[in-house]
*Asks:* 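Structure provided below as structure tokens; questions to follow.
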Amino acid sequence: MDKRIGLEGSSASKFVQLIRQHGHNKDVTIELGEVLAPMPNLQIRVGTDEIDLDMDDLIVSQTAADAGLAVGDRVIIIGDDDTQLYFVIDKAV
């Protein structure tokens with residue numbers, strides 16, 4: 001298959017070539033947020049604009065939910081500009 005799409009070299013090199021061919025996803029951002037209120041009514045402040053998000057805006061991973069998030073904790077968030085949803089991935093330590 002690599003021959004059909006013109007990729008050569010190591011796996012890492014092929015990956016870089018694919019990224020260059022197809023570009024990167026500009027609609028997704030990775031940010032740090034701060035927990036303002038714990039689960040089950042999780043609220044997080046994110047970004048330099050200090051946007052406050054609540055459970056209507058968030059999708060929480062099982063890993064983040066099991067982390068026992070407390071007020072003041074920092075979390076890793078992936079923002080999807082298309083859907084305006086934010087995915088809470090994990091607690092940042």
Side-chain angles (χ1 to χ4, degrees):
M1 179 169 162
D2 293 339
K3 297 286 184 195
R4 286 187 292 170
I5 56 177
L7 300 179
E8 298 179 3
S10 69
S11 296
S13 175
K14 291 175 186 176
F15 181 69
V16 169
Q17 291 172 53
L18 279 171
I19 296 296
R20 287 183 179 153
Q21 281 179 1
H22 299 285
H24 64 283
N25 190 343
K26 297 178 185 176
D27 299 330
V28 174
T29 57
I30 299 175
E31 304 181 61
L32 286 176
E34 180 183 349
V35 175
L36 300 177
M39 296 289 280
N41 298 316
L42 184 63
Q43 289 184 330
I44 295 176
R45 178 168 289 151
V46 65
T48 55
D49 298 334
E50 296 188 346
I51 300 169
D52 293 347
L53 307 170
D54 59 23
M55 287 301 287
D56 292 336
D57 306 311
L58 301 170
I59 305 290
V60 182
S61 73
Q62 187 67 51
T63 304
D66 291 344
L69 300 175
V71 173
D73 284 347
R74 292 176 15 153
V75 290
I76 302 165
I77 298 177
I78 297 175
D80 183 351
D81 292 340
D82 286 340
T83 63
Q84 293 296 302
L85 287 174
Y86 293 82
F87 301 87
V88 183
I89 302 304
D90 206 349
K91 182 177 178 177
V93 293

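Basis for what follows: all heavy atoms, side chains included, without hydrogens, waters or symmetry-related copies.
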*Asks:* With sequence neighbours excluded, give me every salt bridge (Lys or Arg N to Asp or Glu O under 4.0 Å) pair touching residues 57-78.
*Replies:*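 Counting only pairs at least two positions apart or across chains, the salt bridge (Lys or Arg N to Asp or Glu O under 4.0 Å) contacts touching residues 57-78 are Asp73-Lys91.
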*Asks:* Sequence neighbours left out, what passes side chain to side chain donor-acceptor pair (under 3.5 Å) with Asp54? Give chain and number order.
*Replies:*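 If we apply the side chain to side chain donor-acceptor pair (under 3.5 Å) test to Asp54, skipping adjacent residues, there are no hits.
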*Asks:* Other members of the hydrophobic cluster containing Ile51, with the 4.5 Å side-chain heavy-atom rule, please.
*Replies:*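 Besides Ile51, the hydrophobic cluster comprises Val35, Met39, Leu42, Ile44, Val46, Leu53, Met55, Leu58, Val60, Leu69, Val75, Ile77, Tyr86, Val88, listed by chain and residue number.
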*Asks:* From Ile59 CD1 over to Ile78 CD1, what is the distance, rounded to the nearest 0.5 angstrom?
*Replies:* 12.0 Å
*Asks:* Could you pull out all residues at least two apart from Asp52 that satisfy salt bridge (Lys or Arg N to Asp or Glu O under 4.0 Å)?
*Replies:*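 Result, salt bridge (Lys or Arg N to Asp or Glu O under 4.0 Å) vs Asp52: Arg45.
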*Asks:* Only counting residues at least two apart or in another chain, list the ones meeting side chain to side chain donor-acceptor pair (under 3.5 Å) with Glu31.
*Replies:*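 For Glu31 the side chain to side chain donor-acceptor pair (under 3.5 Å) partners, ignoring immediate neighbours, are Thr29.
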*Asks:* Considering residues at least two apart in sequence or located in another chain, which fulfil the side chain to side chain donor-acceptor pair (under 3.5 Å) criterion with Ser61?
*Replies:* none
